[in-house]
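Whatever order the structure lists them in is the order used to number ligands and atoms, beginning at 1.
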Amino acid sequence: MADILVLHGPNLNLLGRREPQHYGHDTLAAIDQRLAALAAAHGHRLRSLQSNAEHELVEAVQRAGEDGTAFIVINPAAYTHSSIALRDAFAAVGLPFIEVHLSNIHAREPFRRRSYLADLACGVISGLGPKGYELAVLAAIDHLAQRTPDRGARRGHS
Ligand code: DQA
């Protein structure tokens with residue numbers, strides 16, 4: 001059992017009614033519920049947090065570094081393209097993370113192509129809609145299974 005944290009950046013609380021041509025019709029609550037169920041089905045715990053405030057996301061990453069969180073999935077939203085503070089938090093804490101975007105940031109305005117986080121991430125998923133979060137959680141679970149085989153399996157009692 002591991003703890004996975006999902007972080008959503010600014011304006012993602014508006015999902016469902018925000019520019020559906022880019023972000024689809026699912027609400028954030030519906031996405032978070034599916035992610036928690038997916039993690040639970042694999043024996044993991046998943047918590048989600050959305051914030052419109054950069055410092056709250058930075059603090060959430062810092063806390064994750066101390067509270068036993070094993071993996072972070074983050075859609076940094078607009079902070080992807082601007083936040084050196086968020087980048088520095090991930091660099092400081094050193095937790096593995098995957099960056100997710102609902103839309104394809106490479107097929108939109110040029111300023112969205114730059115990410116301050118991407119080179120620190122295990123991987124980036126962009127343009128697959130809410131499915132991208134699910135794929136990221138599955139990749140996180142896979143990553144955790146490879147890093148921390150459960151004790152029974154290590155002793156040969158799998
Ligand atoms: C986004 C893409 C960002 O450029 C934008 O600022 C967002 C959402 C996405 O999920 O596609 O708020 O991260």
Exercise. Can you list the atoms of ligand 1 that are under 4.0 Å from a heavy atom of R112?
Worked result: 3 (C), 4 (O), 5 (C), 6 (O)

Exercise. Where's the contact between N11 and ligand 1, heavy-atom distance under 4.0 Å: side chain, backbone, both or neither?
Worked result: neither

Seminar exercise, completed: Ranked by distance from atom 1 (C) of ligand 1, the top protein heavy atom is H101 ND1, 3.7 Å

Exercise. Hey, mind stepping through V6 and L46 against side chain to side chain contact (heavy atoms under 4.5 Å, CB included) and telling me if it holds?
Worked result: CA-CA 7 Å; V6 179; L46 183 144; 3.8 Å; yes

Problem set entry | Heteroatom distance test (A78, ligand 1): nitrogen or oxygen, under 3.5 angstrom | yes

Problem set entry | Numbered atoms of ligand 1 (with element) below 4.0 Å of H81, judged on heavy atoms | 3 (C), 4 (O)

Exercise. Among Y79, Y23, F111, which residue places a heavy atom closest to atom 7 (C) of ligand 1?
Worked result: Y23

For this session: Specify the protein heavy atom at minimum distance from atom 9 (C) of ligand 1: its residue, its atom name, and the distance to 0.1 Å.
Result: L102 N, 3.4 Å

Problem set entry | Any N or O of R108 closer than 3.5 Å to N or O of ligand 1 | no

Problem set entry | is_close_aromatic(Y116, H81), centroid dist under 6.0 Å | no

For this session: Could you tell me if any non-hydrogen atom of T80 lies under 4.0 Å from any atom of ligand 1?
Result: no

For this session: Any chance you could lay out the side chain to side chain contact (heavy atoms under 4.5 Å, CB included) test for L102 and N75, step after step, and finish with the verdict?
Result: CA-CA 8 Å; L102 293 152; N75 182 347; 4.2 Å; yes

For this session: Establish, yes or no, whether a centroid distance under 6.0 Å links the rings of F97 and F90.
Result: yes

Problem set entry | Shortest protein contact, atom 11 (O) of ligand 1 (heavy atom only) | S103 OG, 2.6 Å

For this session: Go through the steps for T69 and R47 under the test side-chain hydrogen bond (donor to acceptor under 3.5 Å, both in side chains), then give the verdict.
Result: CA-CA 10 Å; T69 298; R47 286 171 298 127; 3.0 Å; yes

Exercise. Is the closest heavy atom of R18 to ligand 1 under 4.0 Å?
Worked result: yes

For this session: Scan side-chain atoms only and decide if E99 and T80 contain a donor-acceptor pair under the 3.5 Å cut-off.
Result: no

Problem set entry | Steps toward side-chain hydrogen bond (donor to acceptor under 3.5 Å, both in side chains) verdict (H8, D32) | CA-CA 10 Å; H8 305 283; D32 282 341; 2.7 Å; yes

Exercise. Just checking, is any N or O donor in the side chain of E54 or N52 under 3.5 Å from an acceptor N or O on the other one?
Worked result: no

